[in-house]
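The figures that follow rest on heavy atoms only: side chains count, while hydrogens, waters and symmetry mates do not. Numbering of ligands and ligand atoms starts at 1, following listing order.
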Amino acid sequence: MRAVVVREHGPVAAQALETLPDPVPGPGQVVIDARAIGVNYPDLLVIEGRYQLLPPRPFTPGKEVAGVVSAVGEGVARIKAGDRVMAQREYGAYCEKVLAPEATCYRMPDALGFEEGAALGLAYQTSHFALVERGGYKKGETVLVTGASGGVGLAGVEIAKALGATVIAGVTSREKGELCRRHGADHVIDLAAPDLRNSLREQVYAAVGRRGVDIVLENVGGEVFDGALRALAWCGRLVVVGFASMRLPEAKANYLLVKNIAAVGLQWSDYRERDPVWVQRVQAELYALWGAGKLRPHVSERYPLERFADALARFTERGVLGKIVLLP
Ligand SMILES: NC(=O)c1ccc[n+]([C@@H]2O[C@H](COP(=O)([O-])OP(=O)(O)OC[C@H]3O[C@@H](n4cnc5c(N)ncnc54)[C@H](OP(=O)(O)O)[C@@H]3O)[C@@H](O)[C@H]2O)c1
């Protein structure tokens, strides 16, 4: 089979597609014939060696795939050959035949296509755990999503709206704002505005009043984080999800105290490893929301597997709208 192989960390353009032996499933594992592979911002960081969790080299990057199960290992009971599944991995998805533990495979609804199925994975799981588990969301609260036009962000907009929130999307262009409105945002604010430390809060106040927001799903970092923390309502919660701006922010502890607010972090892969049954339950809820027409993963671009470098370049170009998938 063909697979992207990283032998040395470095620029994406320096990585190559290689021919490897087809994988054979071990106990508790399945092999999935890939039909669509989700492309995520962290894939870029992993390839370049800038991510918090780095696999031993050589490795195949890629965290999610949708496809058809072609082989199952000993002891696999829930999934069988021929099943249409989406699977989550720490790495190993940028290839034609993906090896995955049964515990992190999710049988897809019959009517869900492979491209949408691959998109309805890491980004949605991340935003669901950020909002519900780490953010302690209560129905009717006001939620600000930063980096809202990206994969995790747009999923956050849709999930918050589906669960009854008033949603503010933070974006950097009119086009990206329109996309968020089509996916459920009630209000849009401009994260390209000057002096975000102050102007972000003023925009939030103009949208929903001077109380501020109950929850921030914060995907960007830097000045966006600074401004978003100041936009929180009494007893508000900011969930640190990512640092797409590549600037790590800092919060002063006295500020949390004075405003009765909380800043908490989310590392979704810990849930995947520590409590796969919980993650399965959340995935079933996401599929139910999709079945009810409340989630509509936005796949904006498709690339053949061999053009993985062009797909990943879209993140550095800041051109991503929703999700990109690779088609093997
Ligand atoms: N915590 C977890 O478990 C977990 C899981 C998955 C991903 N993540 C993290 O979540 C973040 C988003 O991932 P993704 O796959 O959704 O990436 P993505 O599709 O590239 O989305 C990133 C978003 O951030 C925005 N952004 C980037 N730089 C910005 C800046 N300087 N100012 C304002 N907005 C900016 C982008 O807007 P523009 O397009 O306008 O630039 C885009 O909307 C990443 O940091 C990723 O590592 C965390």
Side-chain angles (χ1 to χ4, degrees), residues 38-48 50-53 61-64 88-91 118-119 121-131 133-135 144-159 169-180 183 185 188-197 199-200 203 216-228 238-249 264-274 279 282 297-301 311-325:
V39 181
N40 293 286
Y41 184 83
D43 300 341
L44 183 65
L45 302 178
V46 172
I47 292 169
E48 292 177 347
R50 294 188 291 146
Y51 198 57
Q52 58 261 32
L53 298 169
K63 293 179 179 292
E64 63 195 348
Q88 292 294 324
R89 298 277 330 258
E90 186 55 39
Y91 58 93
L122 176 63
Y124 283 82
Q125 281 278 346
T126 298
S127 277
H128 193 288
F129 270 88
L131 180 68
E133 171 56 17
R134 305 301 289 149
L144 166 65
V145 183
T146 62
S149 57
V152 176
L154 202 58
V157 168
E158 287 196 344
I159 292 168
V171 298
T172 59
S173 75
R174 179 185 292 272
E175 181 201 10
K176 289 172 181 175
E178 287 308 315
L179 174 70
C180 293
H183 285 260
V188 172
I189 63 169
D190 179 11
L191 299 186
D195 184 23
L196 276 184
R197 196 178 135 74
S199 67
L200 193 156
Q203 293 185 72
V216 179
L217 303 184
E218 217 295 88
N219 296 304
V220 176
E223 224 194 344
V224 171
F225 173 95
D226 299 340
L238 180 147
V239 186
V240 177
V241 179
F243 312 105
S245 70
M246 295 310 291
R247 277 189 45 221
L248 292 184
V264 299
L266 167 75
Q267 171 81 344
W268 176 76
S269 57
D270 282 350
Y271 289 93
R272 182 196 64 214
E273 295 305 313
R274 289 168 186 262
V279 172
V282 169
H298 182 74
V299 179
S300 58
E301 296 179 49
L312 286 162
R314 300 294 286 143
F315 292 102
T316 17
E317 293 161 6
R318 295 184 59 180
V320 177
L321 297 175
K323 289 286 293 189
I324 296 178
V325 295

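Residue Leu196 comes nearest to Leu191 through the heavy atom pair CD1-O, 3.3 Å, listed as atom of the first residue, atom of the second, then distance. In plain terms, the two heavy atoms of Ser149 and Leu179 that are nearest each other are O-CD2, 4.2 Å.
We find that Glu90 and Lys63 are joined by a salt bridge, their nearest charged nitrogen and carboxylate oxygen being less than 4.0 Å apart.
Taking the six-membered ring for Trp and thresholds of 30 and 60 degrees, His298 and His183 have ring planes more than 60 degrees apart, a perpendicular arrangement.
Around ligand 1 you find Tyr41, Pro42, Thr126, Gly147, Ser149, Gly150, Gly151, Val152, Thr172, Lys176, Asn219, Val220, Val241, Gly242, Phe243, Ala244, Ser245, Leu266, Gln267, Trp268, Phe315, Arg318, Val320, each with a heavy-atom distance below 4.0 Å.
A donor and an acceptor atom, one from each side chain of Asp190 and Gln203, are nowhere located under 3.5 Å apart.
Evaluation of the side-chain hydrogen bond (donor to acceptor under 3.5 Å, both in side chains) rule for Arg318 yields no partner, not counting sequence neighbours.
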